[in-house]
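Data first, discussion second: the structure below is written as structure tokens.
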Amino acid sequence: MSSEEDAPDSTSEFWADEAARRVAESGRPPVVKGGVSPSGVPHVGNFNEVLRGAFVVRALERRDDVSGEPRQVFTSDDRDPLRRVPHTVLSPEGELVELDAEERDELSEHLGKPYVDVPSPFGEGSWAEHFASFLRDDAEKLEVPVEFVSNDELYDDGRFDEPIRAALSNLDVSREVIARHQRTAGDDYVPFMPICDDCGRITPTVTAVNLDDETVDYVCDEADLGGETIEGCGHSGTATFREGKLPWRFEWPAQWMILNVGFEPFGKDHAEGSWESGVEIAEEVYDIKPPEPLVYEFFLVDGDKMSASAGNVYTVSDILRYVEPTVLRYFFALDPKKQRDLSLADVHHLVNDFDRVEDAYYGREEAADSTEKLYAERVYEDLRSPTDDLSHEPVRPPYTFAAMVGVAEDDEARLNTLRRSGHLPEDATETQKQDALRRVELARNWALDYDNQYAVRVLDEAPDTEFDEDTRAAFGDLADVVESGASPDEIQNAVFETAREHDLDVGGFFGDGYRLFLGQDSGPKLGPLLGALDREFVVERLRSA
RNA sequence: GGGCCGGUAGCUUAGUCCGGUUAAAGCACCUGGCUCUUAACCAGGUGACCGAGGGUUCAAAUCCCUCCCGGCCCGCCA
């Protein structure tokens with residue numbers, strides 16, 4: 001390995017390979033975990049957790065020095081308590097909706113209860129299920145083979161019994177470790193929070209620990225959950241280890257223990273607090289080796305952090321309205337340590353970067369730099385769906401070009417334009433045609449939603465503009481040419497010819513053409529534009545001028 | 001108070017870990033081509049004192065130190 005030929009060249013290592021190497025070389029199990037608390041809105045940021053892990057699983061699969069089948073699990077931390085009622089939630093249709101006062105009142109009845117016991121604001125099922133179903137659907141759309149695990153079920157099934165026993169039987173150690181990280185944890189701290197038998201809320205006040213029968217006694221007191229004080233009902237009771245939960249700092253490492261986790265990506269929010277305490281709790285309380293970590297930066301969207309209250313939260317589906325799943329996977333394959341901006345307004349840059357990687361992979365273009373080379377040679381295959389046939393070469397017309405091609409309504413017209421411009425091979429397969437049409441659709445969505453310069457809009461009705469007699473006559477001649485089935489190039493030429501025949505200024509006539517169809521003074525090359533539109537429509541519009 | 005990330009052509013970034021030929025790409029812009037006009041295609045070109053200062057070195061965008069600016073996170077819960 002240390003001979004000169006094998007020495008690493010100047011290209012750097014894909015971060016997922018580096019992570020996989022750390023897992024393998026330290027002898028950790030090839031199990032990648034992630035997880036979220038089902039609060040707020042399930043947004044595209046949550047897929048940091050899912051996709052970063054997915055790339056590491058793929059990297060582990062390439063190695064022959066790991067024991068066992070690499071896999072990815074993802075916990076829904078659905079026994080966490082509802083701490084505050086959000087103003088905005090995601091409807092079953094995936095729309096952000098505001099909750100009205102009545103709905104919020106109803107939900108506030110459930111403050112302090114585990115998410116599995118909070119009803120969904122949309123009727124069917126629990127809050128937790130509602131939230132998790134989005135993550136599952138989105139993971140499927142991005143074709144990530146991840147196994148979702150309900151934390152609540154792990155408790156019910158007794159999987160947490162062992163770590164709970166460890167934490168409670170060595171209370172001195174638990175208290176000492178937690179005190180290093182959490183000032184509020186005093187001498188009477190007990191790392192277990194029972195669910196009140198009476199009101200169903202999670203309460204932190206444990207009055208006695210009975211190790212022999214694996215229960216705790218509690219009083220349902222007020223709970224201070226992250227600045228939100230939630231009233232208790234005053235009930236006194238006894239709870240088993242399965243009728244409560246560990247506090248987050250103890251729960252996370254307990255999950256590592258239960259699920260045999262060897263690698264875990266997490267956001268920078270965990271990097272200082274719960275990760276550091278988690279490592280110590282894993283080693284000193286549970287006597288296990290913590291997983292290899294990967295701290296990722298949060299990304300911004302259009303320059304701002306996502307925030308439900310600010311109304312700029314994006315789901316995976318929102319992004320997939322503009323780009324192929326493969327392109328979104330590419331975004332998540334970029335260096336996780338760098339904070340970046342997922343700019344939707346300028347998403348054509350991201351798409352273009354991806355296209356270049358794809359071009360380099362298929363040898364259509366030279367890689368521009370070492371990073372592009374690395375992504376083409378090492379990463380590209382992981383961007384494609386695991387079920388995809390790599391010998392299938394996707395056809396992806398340039399994004400901004402595709403946006404304009406989208407001015408034509410029907411598929412045949414779009415394909416013709418693409419074929420003529422050299423972006424679709426004559427012998428394209430059915431799948432390649434679908435690739436191309438998909439790209440046109442996505443780019444068109446983007447151009448129209450952002451109403452940018454690529455949003456070419458044809459007027460539904462002829463404009464009020466008065467054209468002079470010569471111009472109208474020229475339009476009439478042009479109509480005849482179009483009606484005869486002229487090609488885009490022939491139409492382009494006909495514009496020049498008819499202008500001259502009618503003694504019109506060529507530039508002015510072009511302008512009139514744009515005014516007639518687009519209601520503006522200029523636009524894309526007129527011949528291809530008219531050629532792409534429905535023939536009868538064009539003829540009718542020309543003659544109606 | 002602590003931590004992470006960034007400051008490279010007009011814009012967005014790659015390159016920084018592992019220092020080494022004229023600092024790379026896309027977009028924008030300009031020019032040329034497509035028989036003639038302009039934003040759909042093709043080819044080429046202009047464009048950067050690499051945030052500031054100091055240090056190490058034969059050699060610094062890259063390593064070290066100090067500082068300035070911007071973004072985000074943590075310090076209670078999760």
Side-chain angles (χ1 to χ4, degrees), chain A residues 7-13 18 35-40 77 80-81 83-84 181-185 193 204 223-230 245 247-249 251-252 267-276 295-300 303-305 334-341 343 346 348-353 355-356 365-375 397-408 417-418 420-423 453-454 456 488-489 492-493 495-497 499-500 505-511 513-514 518 520-529 531-532:
Chain A
D9 61 357
S10 58
T11 57
S12 32
E13 190 178 17
E18 193 264 337
V36 288
S37 189
S39 57
D77 296 339
D80 291 358
R83 286 182 294 145
R84 65 180 81 92
H181 300 276
Q182 199 170 305
R183 256 165 279 161
T184 51
M193 305 190 292
D224 186 18
L225 299 168
E228 308 290 320
T229 302
I230 290 158
K245 78 184 289 289
W248 167 243
R249 284 174 190 269
E251 186 175 76
W252 196 19
K268 64 196 288 188
D269 53 340
H270 288 314
E272 294 176 68
S274 42
W275 168 252
E276 287 174 8
V295 181
Y296 58 81
E297 274 277 346
F298 295 144
F299 57 86
L300 307 176
D304 292 306
K305 59 176 183 172
L334 297 172
D335 187 354
K337 290 292 292 175
K338 287 202 174 164
Q339 181 181 57
R340 44 189 89 236
D341 186 15
S343 175
D346 296 323
H348 56 303
H349 288 138
L350 177 70
V351 176
N352 185 55
D353 287 351
D355 285 353
R356 293 186 56 82
E365 295 279 350
E366 283 289 308
D369 55 47
S370 60
T371 305
E372 226 172 80
K373 193 165 185 275
L374 171 73
Y375 275 71
Y399 195 78
T400 52
F401 174 55
M404 293 198 258
V405 171
V407 72
T417 305
L418 293 173
R420 211 179 43 248
S421 58
H423 290 297
Q453 61 173 314
Y454 306 103
V456 180
D489 284 344
Q492 179 76 7
N493 287 333
V495 177
F496 288 103
E497 283 160 20
R500 290 199 196 97
D505 172 61
V506 172
F509 186 55
F510 267 94
Y514 291 120
L518 307 180
Q520 52 191 46
D521 298 336
S522 58
K525 206 166 177 179
L526 198 54
L529 174 63

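Each chain gets a letter, A, B and so on, in the order the sequences are listed, and its residues count up from 1.
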Short heteroatom pairs, N/O only, protein and nucleotides 3-5 of chain B, under 3.5 Å:
unit_1	atom_1	unit_2	atom_2	d
B:rG3	N2	A:Lys268	NZ	3.4
B:rC4	O2'	A:Glu297	OE2	3.0
B:rC4	O2	A:Lys268	NZ	3.1
B:rC4	O2	A:Glu297	OE2	3.0
B:rC5	O4'	A:Glu297	OE2	3.1
B:rC5	O2'	A:Gln339	N	3.3

What contact category does [X] fall into here, base, sugar-phosphate, or nothing, at under 4.0 angstrom with non-hydrogen atoms?
X: A:Asp341; value: nothing
X: A:Gly507; value: base
X: A:Tyr454; value: sugar-phosphate

(message) The side chain of A:Leu300 is closest to which nucleotide in this list: B:rC72, B:rA39, B:rC76?
(response) B:rC72
(message) By nearest atom, which of the nucleotides B:rC73, B:rC76, B:rA78 is closest to the A:Lys305 side chain?
(response) B:rC73
Calculate the interatomic distance between [X] atom [atom1] and [N] atom [atom2]; express it in whole Å.
X: A:Glu497; N: B:rU37; atom1: CD; atom2: P; result: 14 Å
X: A:Asp269; N: B:rG75; atom1: CG; atom2: P; result: 9 Å
X: A:Asn493; N: B:rU37; atom1: CG; atom2: P; result: 12 Å
X: A:Arg340; N: B:rG6; atom1: CZ; atom2: C1'; result: 11 Å
X: A:Glu13; N: B:rU16; atom1: CD; atom2: C1'; result: 16 Å
X: A:Gln453; N: B:rC29; atom1: CD; atom2: C1'; result: 13 Å

Whole-angstrom distance between [N] and [M], as gauged at atom [atom1]:
N: B:rG10; M: B:rC65; atom1: P; result: 31 Å
N: B:rU31; M: B:rG70; atom1: P; result: 39 Å
N: B:rC73; M: B:rU16; atom1: P; result: 28 Å
N: B:rU8; M: B:rG3; atom1: P; result: 25 Å
N: B:rA43; M: B:rC34; atom1: P; result: 15 Å
N: B:rA61; M: B:rA23; atom1: C1'; result: 8 Å

Who pairs with [X] by side chain to side chain contact (heavy atoms under 4.5 Å, CB included), at least two apart in sequence or on another chain?
X: A:Asp80; answer: A:Ser37, A:Asp77, A:Tyr115, A:Lys245, A:Glu251
X: A:Glu497; answer: A:Asn493, A:Glu501
X: A:Leu518; answer: A:Val456, A:Val458, A:Tyr514, A:Gln520, A:Pro524, A:Leu529
X: A:Phe496; answer: A:Gln492, A:Arg500, A:Val506, A:Phe510

(message) Just to verify, what does A:His270 make a ring-ring contact (aromatic ring centres under 6.0 Å, His included) with, not counting sequence neighbours?
(response) A:Trp248, A:Trp252
(request) Tell me, please, which residues at least two apart from A:Phe401 pass ring-ring contact (aromatic ring centres under 6.0 Å, His included). (result) A:His423
(request) Name the residue closer to the 5' end of RNA chain B, choosing between A:Lys245 and A:Tyr514 according to the nucleotide with the nearest heavy atom. (result) A:Tyr514
(request) Select from A:Asp369 and A:Ser522 the residue whose nearest nucleotide in RNA chain B is closer to the 5' end of that strand. (result) A:Asp369
(message) Testing the basics here: between A:Val351 and A:Tyr399, what is the closest heavy-atom pair and its distance to 0.1 Å?
(response) CG1-CD1, 3.7 Å
(request) Could you tell me whether A:Glu366 atom CD has more than 12 heavy atoms of other residues or ligands within 6.0 Å of it? (result) no
Suppose we screen for salt bridge (Lys or Arg N to Asp or Glu O under 4.0 Å). Which residues come up paired with [X], at least two apart in sequence or across chains?
X: A:Asp355; answer: A:Arg439
X: A:Arg340; answer: none
X: A:Glu365; answer: none

Are there any protein N/O atoms within less than 3.5 Å of an N/O atom in nucleotides 40-44 of chain B, and if so, which ones and at what distance?
unit_1	atom_1	unit_2	atom_2	d
B:rA40	N7	A:Lys525	O	3.3
B:rA40	N6	A:Pro528	O	2.5
B:rA40	N6	A:Leu529	N	2.3

(request) Give a yes or no on whether the backbone of A:Gly511 and the side-chain of A:Asp521 come within a donor-acceptor separation of less than 3.5 Å. (result) no
(message) As a check on the pairing definition, encode RNA chain B in dot-bracket form, counting Watson-Crick and G-U wobble pairs whose two distances are under 3.5 Å, and using | for partners outside this strand.
(response) ((((((((.[[[[.)....(...]]]].(((((.......))))).....[[[[[..)....]]]]])))))))....
